[in-house]
Amino acid sequence: MRTMTGRAADGERAGGGRAPRAGNEHEDGGAPHPGAGPAGPRLPGPAAGPDVFTFGETMVALRGSGPLKLGGTMQVSVAGAESNVAIGLARLGHAVRWAGAVGDDEAGALVLRTLRAEGVEVSGAALDPGAPTGLLLFEPRLPEVTRVHYYRAGSAGSRLTADAVEAAFSAAPPRVLHLTGITPALSATARSAAARALRLARRQGASVCLDVNFRARLWTAEEATAVLREWVPFVDVLIASDDELPLCLPEGPAAPDGAPGPPATDPAAALDSQAEALLDLGVGEVVVKLGAAGATVFSRALRDGSLHRPATPVRAVDAVGAGDAFVAGYLSALLDGEGPAGRLARAVTTGAFAVASHGDWEGAPTRAELGMLGTPPGTVVR
């Protein structure tokens with residue numbers, strides 16, 4: 001596997017990074033000493049590199065118009081949780097570096113070309129001549145039900161190494177490291193790469209955002225809990241759906257099929273209790289995605305301990321990618337210095353754009369478009 005090299009992205013911030021936090025360092029299988037404080041997340045400071053650094057597997061995505069077994073035409077694009085967030089942030093004007101791995105093939109070329117075209121810096125991405133780029137198939141079966149089929153076993157993305165991630169990270173230390181729970185589920189090497197990135201973020205003083213993004217097809221709830229519980233104390237912003245929060249707690253319940261289980265008590269009380277437990281473990285703030293019900297942020301920096309924001313009403317077209325768009329909006333506002341209310345407002349707005357558009361990232365708004373959702377139906381913008 002070789003790593004692409006090149007100069008830093010245009011628009012990357014100048015200036016020195018923050019002083020490293022004190023703490024013990026562990027091997028790649030573990031994580032550095034926690035640094036998140038009890039009064040909210042550490043806000044991103046100036047850095048010599050991009051606003052956000054992220055990595056993970058991005059695949060070629062084929063979207064069918066009906067059941068796959070019947071054949072027909074398919075639309076070709078790319079998709080991956082981390083790259084979806086990267087594109088969303090880039091459209092909002094932030095400097096983003098993505099350092100995943102793709103095959104040294106035409107599919108990998110499509111991934112890199114797409115990210116470059118969207119303004120994402122990819123000079124740290126790895127090309128693997130010994131493994132293919134992953135494949136993702138979307139199969140719409142009902143108006144609001146889509147089946148997703150993954151072909152990623154042994155893919156280049158699953159073979160991403162800690163050394164490749166460290167080289168890309170160290171070349172331009174970011175203000176924020178964005179991780180998801182998908183990458184450590186891909187393989188032992190990908191898990192080590194994520195753990196290495198956590199160490200580097202601590203050393204360089206970068207804030208850490210973790211989107212749980214549990215995928216039952218990639219690992220079990222027990223496997224996810226073992227990793228996420230170890231990472232949690234080193235996270236400044238934890239983002240999860242309400243049914244994913246138990247995965248971050250040592251006593252997290254699981255349903256018989258291995259997916260996160262529903263709380264056994266009153267849902268609202270259980271959510272409060274779980275968020276409080278995560279704050280006790282060292283998380284700066286906990287952001288819970290509630291789908292059509294909006295989102296809630298929990299933080300000890302808030303007077304009442306939490307703040308809720310309803311979802312922005314839109315005509316739903318495709319819910320795929322909404323969570324990643326939400327994360328992009330939240331991180332964008334965080335980087336802009338917005339408080340919790342402003343961060344939630346932008347996050348539900350970018351999430352609504354995704355729901356109202358087809359594709360994983362195609363509907364992500366630019367900064368100039370953020371106010372469009374408030375226009376009356378039938379408006380023609382001239």
J.: From the options H178, H94, R175, select the one residue that forms a side chain to side chain contact (heavy atoms under 4.5 Å, CB included) with V52.
T.: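 Checked H178, H94, R175 against V52; only one passes side chain to side chain contact (heavy atoms under 4.5 Å, CB included): H178.
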
J.: Taking it one step at a time, do R63 and M74 satisfy side chain to side chain contact (heavy atoms under 4.5 Å, CB included)?
T.: CA-CA 5 Å; R63 294 177 175 273; M74 305 190 82; 5.9 Å; no

J.: Write down the atom of L370, the atom of T350, and the distance for their closest heavy-atom approach.
T.: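 Taking every non-hydrogen atom into account, CD2-CG2, 4.0 Å.
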
J.: Under a 3.5 Å distance rule, please check whether R147 uses its side chain to pair with a backbone N or O of P140 as donor and acceptor.
T.: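 No.
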
J.: Using the side chain to side chain contact (heavy atoms under 4.5 Å, CB included) rule, pick out the option among L110, L112, V102 that qualifies with V78.
T.: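 Exactly one option meets the side chain to side chain contact (heavy atoms under 4.5 Å, CB included) with V78, and it is L110.
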
J.: If you take all heavy atoms of A99 and G124, which pair is closest and at what distance?
T.: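 Shortest heavy-atom contact: CB-O, 3.8 Å.
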
J.: Are D163 and R196 within salt-bridge range, i.e. N to O under 4.0 Å?
T.: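 So D163 pairs with R196 through a salt bridge.
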
J.: Please report the shortest heavy-atom distance between S170 and L200, naming the atom on each side.
T.: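 Closest heavy-atom pair between S170 and L200: OG-CD2, 4.1 Å.
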
J.: So V96 and P50, do their side chains get closer than 4.5 Å, heavy atoms only?
T.: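 Not touching, per the 4.5 Å side-chain cut-off.
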
J.: Can you see which heavy atom on W219 is nearest to which on G181, and at what distance?
T.: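 Heavy atoms of W219 and G181 come nearest at CZ2-O, 3.2 Å.
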
J.: Kindly say whether A345 contributes a backbone atom to a donor-acceptor pair with the side chain of T349 at under 3.5 angstrom?
T.: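 Here the side-chain-to-backbone pair exists.
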
J.: How long is the span from the CG atom in L137 to the OG1 atom in T146, to the nearest 0.5 Å?
T.: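 Result: 12.5 Å between the selected atoms.
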
J.: Is it the case that the side chains of T183 and E57 hold a donor-acceptor pair, with the cut-off being a distance below 3.5 Å and no angle test?
T.: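 No, no side-chain donor-acceptor contact under 3.5 Å.
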
J.: Tell me whether the NZ or CZ atom of R97 lies within the 45° cone about the ring axis of F53 and under 6.0 Å from its centre.
T.: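 Judged by the rule, R97 and F53 form no cation-pi pair.
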
J.: Which atom names give the shortest non-hydrogen contact between A79 and N84, and what distance separates them?
T.: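 It is CA-OD1, 4.2 Å.
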
J.: Between K289 and D211, does any side-chain N to carboxylate O distance fall below 4.0 Å?
T.: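 So K289 pairs with D211 through a salt bridge.
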
J.: Taking atom types as modelled and ignoring hydrogens, do the side chains of R91 and T366 form a donor-acceptor contact shorter than 3.5 angstrom?
T.: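 Distance-only check fails for R91 and T366.
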
J.: In Å and rounded to the nearest 0.5 Å, what is the SG to CG distance from C209 to L177?
T.: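 The CG atom of L177 is 8.5 Å from SG of C209, to the nearest 0.5 Å.
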
J.: Can any side-chain N or O of E121 pair as donor or acceptor with the backbone N or O of G119 at less than 3.5 Å?
T.: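 A pair under 3.5 Å: no.
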
J.: L238 vs V212, test: side chain to side chain contact (heavy atoms under 4.5 Å, CB included). Steps then yes/no.
T.: CA-CA 8 Å; L238 177 70; V212 173; 3.9 Å; yes

J.: I want to check something: taking the side chain as every heavy atom from C-beta on, are V297 and H308 in contact at a cut-off of under 4.5 Å?
T.: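 No, every pair of side-chain atoms sits at 4.5 Å or beyond.
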
J.: Nearest 0.5 angstrom please: E276 CD to L271 CG, how far?
T.: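 Nearest 0.5 Å value for the CD-CG distance: 12.0 Å.
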
J.: Side chains of L136 and Y151, heavy atoms from C-beta outward: is any pair under 4.5 Å?
T.: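 Counting from C-beta outward, L136 and Y151 never come under 4.5 Å.
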
J.: So, T58 and E82: side-chain donor and acceptor under 3.5 Å apart, yes or no?
T.: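 Not at all, the side chains of T58 and E82 share no donor-acceptor pair under 3.5 Å.
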
J.: Between atom CD of E139 and atom CG of L68, what is the distance when rounded to the nearest 0.5 Å?
T.: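 So the CD of E139 and the CG of L68 are separated by 4.0 Å.
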
J.: Could you check whether any side-chain N or O of T225 sits under 3.5 Å from a backbone N or O of L247, counting only pairs where one atom can act as donor and the other as acceptor?
T.: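 Side chain of T225 to backbone of L247: a pair is present.
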
J.: Looking just at side-chain N and O atoms, do H149 and R217 make a donor-acceptor pair shorter than 3.5 Å?
T.: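 No - no donor-acceptor pair under 3.5 Å links their side chains.
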
J.: Do we see a donor-acceptor contact under 3.5 Å between the side chains of S241 and D243?
T.: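 There is such a pair (donor and acceptor under 3.5 Å, judged by atom type) between the side chains of S241 and D243.
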
J.: The test is side chain to side chain contact (heavy atoms under 4.5 Å, CB included); show your working for D128 and D104 and say whether it passes.
T.: CA-CA 5 Å; D128 189 341; D104 194 2; over 6 Å; no

J.: I'd like to know if the side chain of S332 and the backbone of A328 have a donor-acceptor N/O pair within less than 3.5 Å.
T.: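 Not a single qualifying donor-acceptor pair exists.
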
J.: Hey, could you give me the CZ/OG1 distance between R159 and T189, rounded to the nearest 0.5 Å?
T.: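 If we round to the nearest 0.5 Å, R159:CZ and T189:OG1 are 8.5 Å apart.
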
J.: Which atom names give the shortest non-hydrogen contact between S155 and S158, and what distance separates them?
T.: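 Heavy atoms of S155 and S158 come nearest at O-OG, 2.7 Å.
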
J.: L307 vs T296, test: side chain to side chain contact (heavy atoms under 4.5 Å, CB included). Steps then yes/no.
T.: CA-CA 6 Å; L307 179 67; T296 302; 6.0 Å; no

J.: So if I apply the side chain to side chain contact (heavy atoms under 4.5 Å, CB included) rule between Y330 and each of V237, V85, V348, which one comes out positive?
T.: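 When side chain to side chain contact (heavy atoms under 4.5 Å, CB included) is applied between Y330 and each of V237, V85, V348, only V237 qualifies.
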
J.: Nearest 0.5 Å, what's the CG-CG distance between D236 and L210?
T.: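 Going from the CG atom of D236 to the CG atom of L210 covers 11.0 Å.
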
